[in-house]
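Everything below concerns the one structure shown next.
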Amino acid sequence: MELEFLLRIFTAAILGGLIGLEREYRSKEAGFRTHFLVALGSALFMVVSAYGFEGVMTTAEHRWDVSRVAAQVVSGIGFIGAGTIIFRKDENVVSGLTTAAGLWVTAAIGLACGGGMYVLGIGCTLMVLLGLEAFNFFLHKFDKHRKG
């Protein structure tokens with residue numbers, strides 16, 4: 001079972017790293033290492049939450065709830081993501097929202113992989129990459145029309 005857990009964590013780290021590579025290529029605040037670590041950590045939290053307490057006795061009064069750790073990962077990543085959002089008052093511009101959202105979805109992908117849902121994690125990673133690239137493509141198309 002330990003090898004299965006390592007495969008889950010490894011898969012999450014690779015998928016998070018792919019998203020991070022795209023962000024790094026675009027010179028964004030959080031790149032490969034950050035996304036890699038967020039996905040890896042999320043997967044590890046999920047595995048530990050789901051399987052780390054199997055030897056502990058469960059009674060009617062005391063029950064282990066795997067979803068509680070996942071919920072805390074979401075909260076923690078929200079805190080990290082908030083640190084990437086910057087408001088520049090002089091330009092009246094907010095930046096870092098896509099980076100924050102990228103970290104958030106990377107954590108979700110890590111949780112999915114940690115839960116053994118490889119197809120879901122891979123599919124979501126592909127959708128994230130497609131969304132980021134498609135948005136970038138259309139943004140440049142509209143920007144050319146606006147300037148012309």
Side-chain angles (χ1 to χ4, degrees), residues 1-89 91-140 142:
M1 197 65 177
E2 298 275 329
L3 287 175
E4 169 68 21
F5 295 155
L6 282 174
L7 179 62
R8 291 176 184 198
I9 294 166
F10 179 78
T11 302
I14 294 301
L15 294 176
L18 289 174
I19 295 170
L21 282 175
E22 190 281 336
R23 302 307 324 177
E24 189 118 354
Y25 176 73
R26 301 273 175 221
S27 300
K28 299 302 177 180
E29 295 86 1
F32 173 78
R33 292 182 299 177
T34 304
H35 285 80
F36 176 89
L37 291 173
V38 164
L40 185 147
S42 297
L44 179 59
F45 277 123
M46 180 56 99
V47 168
V48 169
S49 174
Y51 303 101
F53 304 103
E54 284 185 341
V56 178
M57 188 173 80
T58 302
T59 64
E61 299 87 32
H62 300 94
R63 196 184 61 166
W64 297 103
D65 185 3
V66 177
S67 66
R68 294 178 78 186
V69 171
Q72 294 307 312
V73 169
V74 173
S75 297
I77 294 303
F79 181 76
I80 290 172
T84 67
I85 300 171
I86 299 168
F87 175 69
R88 287 187 236 124
K89 194 173 185 176
E91 300 173 32
N92 202 26
V93 173
V94 176
S95 64
L97 290 174
T98 303
T99 299
L103 291 170
W104 182 69
V105 75
T106 299
I109 290 166
L111 289 172
C113 290
M117 297 180 243
Y118 299 112
V119 173
L120 184 64
I122 292 168
C124 286
T125 301
L126 293 174
M127 284 189 269
V128 167
L129 294 172
L130 178 68
L132 290 170
E133 287 302 310
F135 176 73
N136 192 53
F137 174 78
F138 286 115
L139 188 66
H140 286 296
F142 287 124

Taking all heavy atoms of [X] and all of [Y], pick out the closest pair and write down the distance.
{"X": "L111", "Y": "S42", "value": "CD2-O, 3.5 Å"}
{"X": "G96", "Y": "I85", "value": "O-CG1, 3.8 Å"}
{"X": "A39", "Y": "A12", "value": "CB-O, 3.1 Å"}
{"X": "G121", "Y": "I109", "value": "O-CG2, 3.8 Å"}
{"X": "T11", "Y": "C113", "value": "CG2-SG, 4.0 Å"}
{"X": "G114", "Y": "V47", "value": "O-CG2, 3.5 Å"}

For this session: Scan E2, M1, E4 and name whichever one has a side-chain contact (heavy atoms from CB on, under 4.5 Å) with Y51.
Result: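 Going through E2, M1, E4 one by one, the side-chain contact (heavy atoms from CB on, under 4.5 Å) with Y51 is satisfied by M1 alone.
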For this session: Check whether any side-chain heavy atom of I80 lies under 4.5 Å from a side-chain heavy atom of L103, and answer yes or no.
Result: yes
Can you tell me how far the [atom1] atom of [X] sits from the [atom2] atom of [Y], to the nearest 0.5 Å?
{"X": "I19", "Y": "L129", "atom1": "CD1", "atom2": "CG", "value": "5.5 Å"}
{"X": "E24", "Y": "R33", "atom1": "CD", "atom2": "CZ", "value": "7.5 Å"}
{"X": "R8", "Y": "L6", "atom1": "CZ", "atom2": "CG", "value": "11.0 Å"}
{"X": "I14", "Y": "L21", "atom1": "CD1", "atom2": "CG", "value": "9.5 Å"}

Exercise. Given the rule in the side chain to side chain contact (heavy atoms under 4.5 Å, CB included) test, do W104 and V74 qualify, once you have shown the distances and angles that lead to the verdict?
Worked result: CA-CA 7 Å; W104 182 69; V74 173; 3.8 Å; yes
Exercise. Sequence neighbours excluded, which residues qualify as ring-ring contact (aromatic ring centres under 6.0 Å, His included) partners of F10?
Worked result: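 Partners of F10 by the ring-ring contact (aromatic ring centres under 6.0 Å, His included) criterion come out as none, since no residue qualifies.
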Exercise. Can you list every ring-ring contact (aromatic ring centres under 6.0 Å, His included) pair that touches residues 106-138, not counting sequence neighbours?
Worked result: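 Every candidate ring-ring contact (aromatic ring centres under 6.0 Å, His included) pair involving residues 106-138 fails, so no pair, neighbours aside, qualifies.
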Seminar exercise, completed: So ring-ring contact (aromatic ring centres under 6.0 Å, His included) across residues 16-42, not counting sequence neighbours, yields F32-F36
For this session: Given side chain to side chain contact (heavy atoms under 4.5 Å, CB included), test L18 with V128 step by step and report yes or no.
Result: CA-CA 10 Å; L18 289 174; V128 167; over 6 Å; no
Problem set entry | Pair E29, T84: side-chain N/O donor-acceptor within cut-off below 3.5 Å |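 Checked: E29/T84 side chains show no N/O donor-acceptor pair below 3.5 Å.
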For this session: Give a yes or no on whether the backbone of G31 and the side-chain of R23 come within a donor-acceptor separation of less than 3.5 Å.
Result: no
For this session: Apply side chain to side chain contact (heavy atoms under 4.5 Å, CB included) to the pair K28 and T98, showing each step before the final yes or no.
Result: CA-CA 9 Å; K28 299 302 177 180; T98 303; over 6 Å; no
For this session: Count the heavy atoms belonging to other residues, nucleotides or ligands that lie under 6.0 Å from CZ of F45, then report whether that count exceeds 12.
Result: no
